[in-house]
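In what follows, every chain begins at residue 1, and chains take the letters A, B, ... in the order their sequences are listed. Hydrogens, waters and symmetry mates are skipped; everything else that's a heavy atom, side chains included, is used.
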Protein chains: 2
Amino acid sequence: MNARSPNKRQFLDRPRILDVAISFADAHGVEDMTMRKIAGELNCGAMSLYNHVANKEELLTDMLDAVVGKIDTPDIEGDWKIAMRASAQSANRVLLNHHWAVGEWNLRMPGPNRTRYMESILAALTQAKLNDAIIYRGYHAITMHIVGFSQQQIGYQKMLGPNFHEIAEGFLSELGGNYPYLAYHVRAHLDEPEECDEFLFVLDLILDGLERAAQCS
Amino acid sequence: MNARSPNKRQFLDRPRILDVAISFADAHGVEDMTMRKIAGELNCGAMSLYNHVANKEELLTDMLDAVVGKIDTPDIEGDWKIAMRASAQSANRVLLNHHWAVGEWNLRMPGPNRTRYMESILAALTQAKLNDAIIYRGYHAITMHIVGFSQQQIGYQKMLGPNFHEIAEGFLSELGGNYPYLAYHVRAHLDEPEECDEFLFVLDLILDGLERAAQCS
DNA sequence: ACCTGAACACCGTTCAAGT
DNA sequence: ACCTGAACACCGTTCAAGT
């Protein structure tokens, strides 16, 4: 009669597996995520998962698409740059919350959520009355920035870990007297209070540049 | 007396292991790279590798650093934007030649080559007489673009594979009538002859934006 | 229809034994 | 000092058997 009893139906279904897998990857990283461990958290045998999911690849593809589904789509009304900023910031927030997702983004074919997401970005750029060439390049530039910058942020977080200061200081002393510019840069990292506006700073570089390029042509 | 003979010294050393590992990852991807397979290509037992390398993690860290060592550093003389463009293009070329490297870039602490590379970028930005805040943000923007854009290019290449057209057409017919903007974008991909200047287009957006931001402040 | 244990073909790495 | 096979604790997944 308890949770581990074989007769107690576990309501094992696709969404529940997806939820548990995402939570596990959030907590321990996707490289530690194992079919056996997911099954363990669901109190079922590892092979039971395969009644609902073709294989681990498919599970990961669906996990990514579920995460993409959480991103706020740009509002088609009003100023396109403001809408794009809001959506990009939402994407950045979501990706930081699921730090494994950024590594899967460019490896997998888009699922339904990502397809919708792509369409919404392209729709917003078209709405902005940019010409075709700028929309084409702009789409790549914007999505590149969203996942690339998030990945860089996450990468630094992972490399430095919770004992941030200690590792950075260690790296600094390894540098010795050489590499003065790098030492200066690392020290700036240690002093900096907030990084969140840096994502938007670079995004604006791109958005403003696109607008300017469109006016020139 | 042949290569597989145990008495024939294999000159098994760190650089040789690194070379073979990089070639293997280039050919089959890092996810298929195995200590046992590397050993196989070196005609030695899997455990022999551990006499020269602490573990697979360390090997991957060194592989990435070796790849970074191939990137042309920006020339400190002359126009900073031209120098940065040349170096970024070199990085893009190197990363496309070692498509696994881009996934490791943000996961590992910099080795000696990457340390030198970071220093050279920061030196070039300082040489450009940009102010401290712009150098700080600009460094992140430029490196983000170099690895982020390369990763996006590689990701599309991997997803679509050699039978590029076929898969894209399949995706298009899956889209059906919905997602008109996305369908248009995918068709533009199919028509486009060259993508190599798109990397520079976005880089210039960033470089010009940095210069403009520096003048404003 | 759904679940599952045993088994297979792999991993990275430890260890004790070889030379 | 360098090499290595056996072994350990894992993987993802197949398959045949259960309900």
- Task: Would you indicate whether A/Glu166, at its atom CD, is surrounded by more than 12 heavy atoms from other residues, nucleotides or ligands within a distance under 6.0 Å?
- Result: no

- Task: Without swapping roles, check the side chain of B/Arg116 against the backbone of B/Thr73 for a donor-acceptor pair under 3.5 Å.
- Result: no

- Query: What about B/His140 and A/Phe149, are their ring centers closer than 6.0 Å?
  - Reply: no

- Query: Tell me: CG of B/Asp13 to P of D/dA1, nearest whole Å?
  - Reply: 18 Å

- Where do B/Leu59 and B/Ile38 land on the side-chain contact (heavy atoms from CB on, under 4.5 Å) test, with the steps shown first? CA-CA 11 Å; B/Leu59 178 57; B/Ile38 296 170; 3.8 Å; yes

- Produce a footprint string for nucleotides 6-17 of chain C: one letter per nucleotide, 5' end first; B if the base is under 4.0 Å from any protein heavy atom, S if only the sugar-phosphate is, - if neither. BB---BBBB---

- Query: In terms of the angle between their ring planes, are B/His185 and A/Tyr136 parallel, tilted or perpendicular, with boundaries placed at 30° and 60°?
  - Reply: tilted

- Task: Round to a whole Å and report the spacing from CG of A/Asn51 to C1' of D/dG18.
- Result: 13 Å

- Under-4.0 Å salt bridge between B/Arg137 and A/Asp197: yes

- Ignoring hydrogens and geometry, is there a side-chain-to-backbone donor-acceptor pair from B/Glu119 to A/Leu182 under 3.5 Å? yes

- Message: Parallel, tilted or perpendicular, judged at 30° and 60°: which one describes the rings of B/Trp100 and B/His98?
- Response: perpendicular

- Could you check how far CG of A/Leu49 sits from C1' of C/dC2, rounded to whole Å? 13 Å

- Write out the stems for DNA chain D, ordered by first number and formatted as range with range, counting runs of at least 3 consecutive Watson-Crick or G-U wobble pairs under 3.5 Å. C:4-8 with D:12-16, C:12-16 with D:4-8

